[in-house]
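These figures come from a predicted structure and were not determined experimentally. Scope of the values below: all heavy atoms of this structure, side chains included, with no hydrogens, waters or symmetry mates. Residue numbers begin at 1 in each chain, while the letters A, B, ... track the order of the sequences.
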Amino acid sequence: MSLHLLEKGYEPKEVERRWYAYWEKEGLFAAEDVSDKEPFSIVIPPPNVTGVLHMGHAHNNTLQDILCRYRRMQGYNVLWMPGTDHAGIATQNVVEKGLAREGKNRHSLGREEFVKRAWQWREEYGGLIIEQLKRLGASCDWDRERFTMDEGLSKAVRTVFVKLYEQGLIYRGDYIINWCPRCRTALSDLEVEHEDHNGHLYYIRYPFEKGKGGIVVATTRPETMLGDAAVAVNPNDKRYGGPEWKTVILPLMNRRIPIIFDEYVDMRFGTGALKITPAHDPHDFEIGLRHNLEPIKVIDEDGRMNEQAGRFQGKDRFECREEVVEALSEEGLLEKVEPYQHSVGHCYRCKTTIEPYLSRQWFVKVKPLAEKAVVAVKTGATRIIPDTWTKTYFEWMNNIKDWCISRQIWWGHRIPAWTCENCGELIVAMERPTVCPACEGSALVQETDVLDTWFSSALWPFSTMGWPDDPQTLKTFYPTSVLVTGFDILFFWVARMMMMGLHFMKEVPFRDVYIHALVRDAEGKKMSKSTGNVIDPLYVIDEFGTDAFRFTLAAFAAQGRDIKLSEKRIQGYRHFINKLWNASRFSLMHLSDFEPDESGQDAQDFSLADRWILSRLNGVVETVTKSLDEYRFNEAASALYQFVWHELCDWYLEIIKPLLYGTVTLSDGTTKMSSPRYVTTRFVLWSALNETLRLLHPFIPFVTEEIWDKLPGTEGSIMKAEFPTTSDARDDREAEEAMEVLTGVVSGIRNIRGEMNVMPSLFVGAAVQSPDKGERELLERHRDMIVNLCRLKSLQVTPPDKRPASSATSVFGNCTIFVSLKGVIDFELEQGRLNKEIAKITKELDGIGKKLSNKDFLQKAPQEVVEKVREKGEGLAEKRNRLEENLGKVSQLAGNS
RNA sequence: AGGCACGUAGCUCAGGGGGAGAGCGCUACCCUGACACGGUAGAAGUCGCGAGUUCAAAUCUCGCCGUGCCUACCA
């Protein structure tokens, strides 16, 4: 047994651990800030520190790793920048849950202590997902790992904030924002998830102050009426108007509120009268501004009714809704209640119903930033792939609204703004000022809010590279080559990176944005913990091995379509890994003493099979390269799968087996392994395996490294090997065409064997008749191959001749194939076979006949198409003739027997 | 409400104007010295429906039906 032999079964766990440790130790993931090589860079979409590796991460990072390994092998200076995101609300929630278990809460702890606890948590658990990414094989430059709350990144955040403020692009103001009463913080519009909800539409009568009757308004949220400041109707609404249309009395509160006229009101909806609650509805707020209405807050930060809500004070907002309805009903002011479906906003973190809420917040004025980001995509400075997302991107960018960036939580970048308690001056600065520049007072209070987590993520491509300093990293690797991400964060993240990158770096953050699909369960449902349909990537890795998992993800990563993942599919690709392993095992058995130098580098006697497999390999190199360049991962993966299994294993290895085992007589009469053909074949086998491994490495890094290590004539890690390139010398149409004839004949014979129920162990005689002399010579030259692959005891190659007795027939191209079945032939079975085949051909010929009798087709179709159809028709007709002839004979014999 | 995708073999999906493809599953035979996580052979589809463009449509255009997703301020 040689050192080079592989174990019988592939053991992913041990191999993966060993090689990953080796790669890290050898520094093979490291990027160089200064290098002659062309740069290629990717910044990782930073997972939340609270995150545990899920399918989305696995998919996303597998694709990135494929690109990085591919480019590294192509000789690029690759930087894959890793890191994690501090995930403000998510992390705060996790830490708060921990406190709750201890019977504490963040308020009892105090801000400073709480933040300390959060850091502790991150030190302890924050590295988990990084370790999980390593198990996936991710080749990030881990020495550069960053965290959004690092000192450097925090400096970048403050710098950006101060500059945008100075440029008038950040402002503070009182507006309606989305408030989560559970998280007790504001949220941006994007952080609100809308869901249809079966609610009610309540019709409430507001009596006129003077005169009889009143006006009926419709609302889905009756509890907000307590804060109503007016009732609005459309000025064009002819139904409404008159002397009493001035003031109504707000029921339950007995407050006088005006009737106002505003075109915003839709006359067709409800009663055409709209109650206006400026403090609890964004449109009402706008209308309130137009009409100088006083906003009255009736709900507090916890979602409870406040002191302005009269007797409902202290009630929960939903409880209050029921009581208000009841009270109105008692007073006879509830006209009617209709079931009504409408969309309700929920917090994306905790799913609590969002409260539109008037409060003082910080905003980014995004329009000027968005314009540049639109131009960058329009001009192609950044490409979005697949292109269908470009439209979505424009749509959103063109309708973008100001971004609320302040959050009332404690974990995050605290807003660098101070208020002078003496004179009220607002100071925005990098560091805490010593005195107020306006009054020189020293009582300065820092803003308590922190920034939206996405604010720091928006700077990720340049903040991770050392901005606002100007290090070499930034010069070498910005703009990054490509961003790989899911569409779910196209707006949250990609769009904002575009805006910030362009504004501060004067250059797009990435050349390409590759948007991949979502991983779903086998039924196509989104994987979620609550549904219980999640497949844990770590379980998959343990069960099937990382390589099988990665290959599955790549194979299913068709552009624009979601991935429906099931264990069964991963299992299928584990079989592929196993196949590769065993093909390599077989090859290594015969290559253990191989030395590349002894090889037939300049061997002249490549066999047809040698030329064919090298030509096919060349084709795969071309496909894989092209596909990866265009982010068509699935096309690259399936080309490799097809090649390895159905060309290399099914045909090439089977063809060369007798030669390798020394059981075949060579043309020079020797069976010695020193014969030139043996040497050449070993060289071709070695080359094919060697290059196939390199092609496969970006997809399945572990198993390829393990085999590479055992393959003679390779040095160092496969990571450092060159990615194969195409070679015109290997492109061999002639060999491919010749092989088509040979494999066609072999398949023809096998087909007869299979269909006629010939025992696989039985050796049979066969004859091939062809009118083509060149073809006969080809068959003669490769008779050993045919005999061997078809388990024949004899093979006769002749010009068209008499039909051998007791034989079954098949036709391929010019060749009529006979398999002698003396004594075992079932004539009826053979008749059935032939009839079926003839019927199939007849159907096809009908279609061709129709085409060829169509004058328009003959006239207007390109000449080569017409010629092709004609040739095909002739071929088929000839084939049918030969089959019919044989059918006639067989029928006679069947009748005789 | 608007937008975007997708309806191809039992299942999951490639393909994308001139010959219907793959994997899994299924059927039959086979443990042949890399591999039963394997081999050989086989069955299986009106390419959602209807029009249009074209000599030619699964493929392009329009409409319809169905499914999914995203965005939206009609109370």
Side-chain angles (χ1 to χ4, degrees), chain A residues 6 8-10 189 194 201-202 217-221 224 232 264-266 268-277 281-284 286 340 342-343 356 386 388-389 391-392 395-396 399 487-488 490-491 517-518 520 522 524-526 544 548 555-556 558 560-566 568-569 571-590 634-635 638 641-642 645-646 649-650 653-654 657 661 663 747 750-761 789-791 844 847-848 851 854-862 864-866 868-869 872 876:
Chain A
L6 297 176
K8 173 142 184 170
Y10 174 56
D189 293 342
H194 292 272
L201 194 56
Y202 302 88
V217 298
T219 179
T220 54
R221 303 197 51 202
T224 61
Y264 167 79
V265 182
D266 185 342
R268 286 161 307 178
F269 188 90
T271 58
L274 174 63
K275 63 190 259 330
I276 303 295
T277 323
D281 182 283
H283 326 291
D284 292 7
E286 293 293 323
Y340 187 67
H342 62 126
S343 118
T388 60
W389 291 105
K391 198 173 170 186
T392 313
E395 198 73 24
W396 192 72
N399 296 307
F487 60 80
D488 48 333
L490 180 63
F491 306 137
L518 250 46
R520 300 173 177 280
K525 285 202 282 276
K526 203 167 171 172
F544 304 98
F556 279 96
R561 199 193 274 255
D562 286 346
I563 298 177
K564 292 188 195 172
L565 197 71
S566 71
K568 198 121 200 203
R569 282 178 209 131
Q571 200 174 14
Y573 286 104
R574 180 180 60 178
H575 296 173
F576 174 67
I577 303 295
N578 184 255
K579 187 76 180 174
L580 174 71
W581 179 261
N582 278 294
S584 304
R585 201 162 87 95
F586 166 78
S587 304
L588 289 176
M589 283 176 176
H590 300 283
N634 62 318
E635 283 176 23
S638 52
Y641 184 100
Q642 168 69 24
W645 204 311
H646 299 301
C649 290
D650 286 354
L653 295 188
E654 292 305 325
K657 254 180 193 173
Y661 284 124
T663 55
S747 299
R750 283 171 170 176
N751 171 278
I752 294 173
R753 290 190 64 128
E755 296 247 301
M756 299 302 286
N757 300 326
V758 178
M759 287 288 286
S761 54
L789 292 176
C790 299
R791 252 181 127 74
E844 233 180 306
I848 289 174
K851 263 188 180 176
N854 182 343
K855 268 183 235 138
D856 286 327
F857 173 70
L858 296 175
Q859 259 171 31
K860 294 184 184 170
E864 68 257 29
V865 171
V866 176
K868 222 168 125 185
V869 172
K872 191 179 174 197
L876 282 175

Heavy atoms only, 4.0 Å cut-off, all strands: where does A/Gln571 land among base, sugar-phosphate and nothing? nothing
Which is true for A/Lys868 with a 4.0 Å heavy-atom rule: it touches a base, it touches only sugar-phosphate, or it touches nothing?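 If one applies the 4.0 Å heavy-atom cut-off, A/Lys868 turns out to touch nothing in the nucleic acid.
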Taking [M] as the reference, what is the distance to [N] when you measure between their [atom1] atoms (whole Å, please)?
{"N": "B/rG23", "M": "B/rC64", "atom1": "P", "value": "39 Å"}
{"N": "B/rC13", "M": "B/rG3", "atom1": "P", "value": "26 Å"}
{"N": "B/rG7", "M": "B/rC47", "atom1": "P", "value": "14 Å"}
{"N": "B/rA20", "M": "B/rU46", "atom1": "C1'", "value": "12 Å"}
{"N": "B/rU53", "M": "B/rU61", "atom1": "C1'", "value": "7 Å"}
{"N": "B/rA51", "M": "B/rA1", "atom1": "P", "value": "28 Å"}
{"N": "B/rG16", "M": "B/rG33", "atom1": "P", "value": "42 Å"}
{"N": "B/rC37", "M": "B/rG42", "atom1": "P", "value": "24 Å"}

Atom [atom1] of [X] to atom [atom2] of [N]: distance rounded to whole Å?
{"X": "A/Phe576", "N": "B/rG38", "atom1": "CZ", "atom2": "P", "value": "12 Å"}
{"X": "A/Met759", "N": "B/rU32", "atom1": "CE", "atom2": "C1'", "value": "12 Å"}
{"X": "A/Trp389", "N": "B/rG3", "atom1": "CH2", "atom2": "P", "value": "16 Å"}
{"X": "A/Arg791", "N": "B/rC29", "atom1": "CZ", "atom2": "P", "value": "18 Å"}
{"X": "A/Asp488", "N": "B/rC70", "atom1": "CG", "atom2": "P", "value": "9 Å"}
{"X": "A/Lys568", "N": "B/rA22", "atom1": "NZ", "atom2": "C1'", "value": "17 Å"}
{"X": "A/Asn634", "N": "B/rG16", "atom1": "CG", "atom2": "P", "value": "11 Å"}
{"X": "A/Glu864", "N": "B/rG17", "atom1": "CD", "atom2": "P", "value": "16 Å"}

With [X] via salt bridge (Lys or Arg N to Asp or Glu O under 4.0 Å) - residues at least two apart:
{"X": "A/Arg750", "result": "none"}
{"X": "A/Asp650", "result": "none"}
{"X": "A/Glu844", "result": "A/Lys872"}

Do [X] and [Y] have side chains that get closer than 4.5 Å, going by heavy atoms?
{"X": "A/Leu201", "Y": "A/Phe269", "answer": "yes"}
{"X": "A/Leu490", "Y": "A/Trp396", "answer": "no"}
{"X": "A/Phe487", "Y": "A/Thr392", "answer": "no"}
{"X": "A/Tyr573", "Y": "A/Tyr641", "answer": "yes"}
{"X": "A/Leu876", "Y": "A/Ile848", "answer": "yes"}

Shortest non-hydrogen contact between A/Asp284 and A/Asp281, atoms and distance: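 Taking every non-hydrogen atom into account, N-OD1, 3.1 Å.
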Base-contact (B) and sugar-phosphate-only (S) positions in nucleotides 39-45 of chain B, heavy-atom cut-off under 4.0 Å, - elsewhere: SSSSS--
Restricting to side-chain hydrogen bond (donor to acceptor under 3.5 Å, both in side chains), what partner residues turn up for A/Arg791, sequence neighbours left out?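 For A/Arg791, no residue satisfies side-chain hydrogen bond (donor to acceptor under 3.5 Å, both in side chains) once neighbours in sequence are set aside.
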Point-to-point distance, once rounded to the nearest 0.5 Å, from CG of A/Leu274 to CG of A/Asp266: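 With rounding to 0.5 Å, CG (A/Leu274) is 10.0 Å from CG (A/Asp266).
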With pairs defined as Watson-Crick or G-U wobble and both distances under 3.5 angstrom, please note down RNA chain B as a dot-bracket string, | for pairing with another strand. (((((((..((((....[..)))).(((((.......))))).....(((((..]....))))))))))))....
In terms of the nearest nucleotide of RNA chain B, which residue is placed more toward the 5' end: A/Val758 or A/Val869? A/Val869
Are any protein N/O atoms closer than 3.5 Å to N/O atoms in nucleotides 52-56 of chain B? If there are, list each pair with its distance.
{"unit_1": "B/rC55", "atom_1": "OP1", "unit_2": "A/Lys860", "atom_2": "NZ", "d": "3.0"}
{"unit_1": "B/rC55", "atom_1": "O2'", "unit_2": "A/Asn854", "atom_2": "ND2", "d": "3.0"}

With sequence neighbours excluded, tell me which residues meet side chain to side chain contact (heavy atoms under 4.5 Å, CB included) with [X].
{"X": "A/Val217", "result": "A/Ile204, A/Tyr206, A/Val231, A/Ala273, A/Lys275"}
{"X": "A/Ser747", "result": "A/Trp651"}
{"X": "A/His194", "result": "A/Val192, A/Ser343"}

Short N/O separations, protein against nucleotides 73-75 of chain B, under 3.5 angstrom:
{"unit_1": "B/rC73", "atom_1": "O4'", "unit_2": "A/His283", "atom_2": "NE2", "d": "2.8"}
{"unit_1": "B/rC73", "atom_1": "O2'", "unit_2": "A/His283", "atom_2": "NE2", "d": "3.2"}
{"unit_1": "B/rC73", "atom_1": "O2", "unit_2": "A/Tyr264", "atom_2": "OH", "d": "3.3"}
{"unit_1": "B/rC74", "atom_1": "O2", "unit_2": "A/Asp266", "atom_2": "OD2", "d": "2.6"}
{"unit_1": "B/rC74", "atom_1": "N3", "unit_2": "A/Asp266", "atom_2": "OD2", "d": "2.4"}
{"unit_1": "B/rA75", "atom_1": "OP2", "unit_2": "A/Tyr340", "atom_2": "OH", "d": "2.4"}
{"unit_1": "B/rA75", "atom_1": "O2'", "unit_2": "A/Ala218", "atom_2": "O", "d": "3.2"}
{"unit_1": "B/rA75", "atom_1": "N6", "unit_2": "A/Asp266", "atom_2": "O", "d": "2.7"}
{"unit_1": "B/rA75", "atom_1": "N6", "unit_2": "A/Phe269", "atom_2": "O", "d": "3.0"}
{"unit_1": "B/rA75", "atom_1": "N1", "unit_2": "A/Asp266", "atom_2": "N", "d": "3.2"}

Run the side-chain donor-acceptor check on residues 574-581 of chain A: report pairs under 3.5 Å with partners two or more places apart or on a different chain.
{"unit_1": "A/Asn578", "atom_1": "OD1", "unit_2": "A/Asn582", "atom_2": "ND2", "d": "3.2"}
{"unit_1": "A/Trp581", "atom_1": "NE1", "unit_2": "A/Glu7", "atom_2": "O", "d": "3.0"}

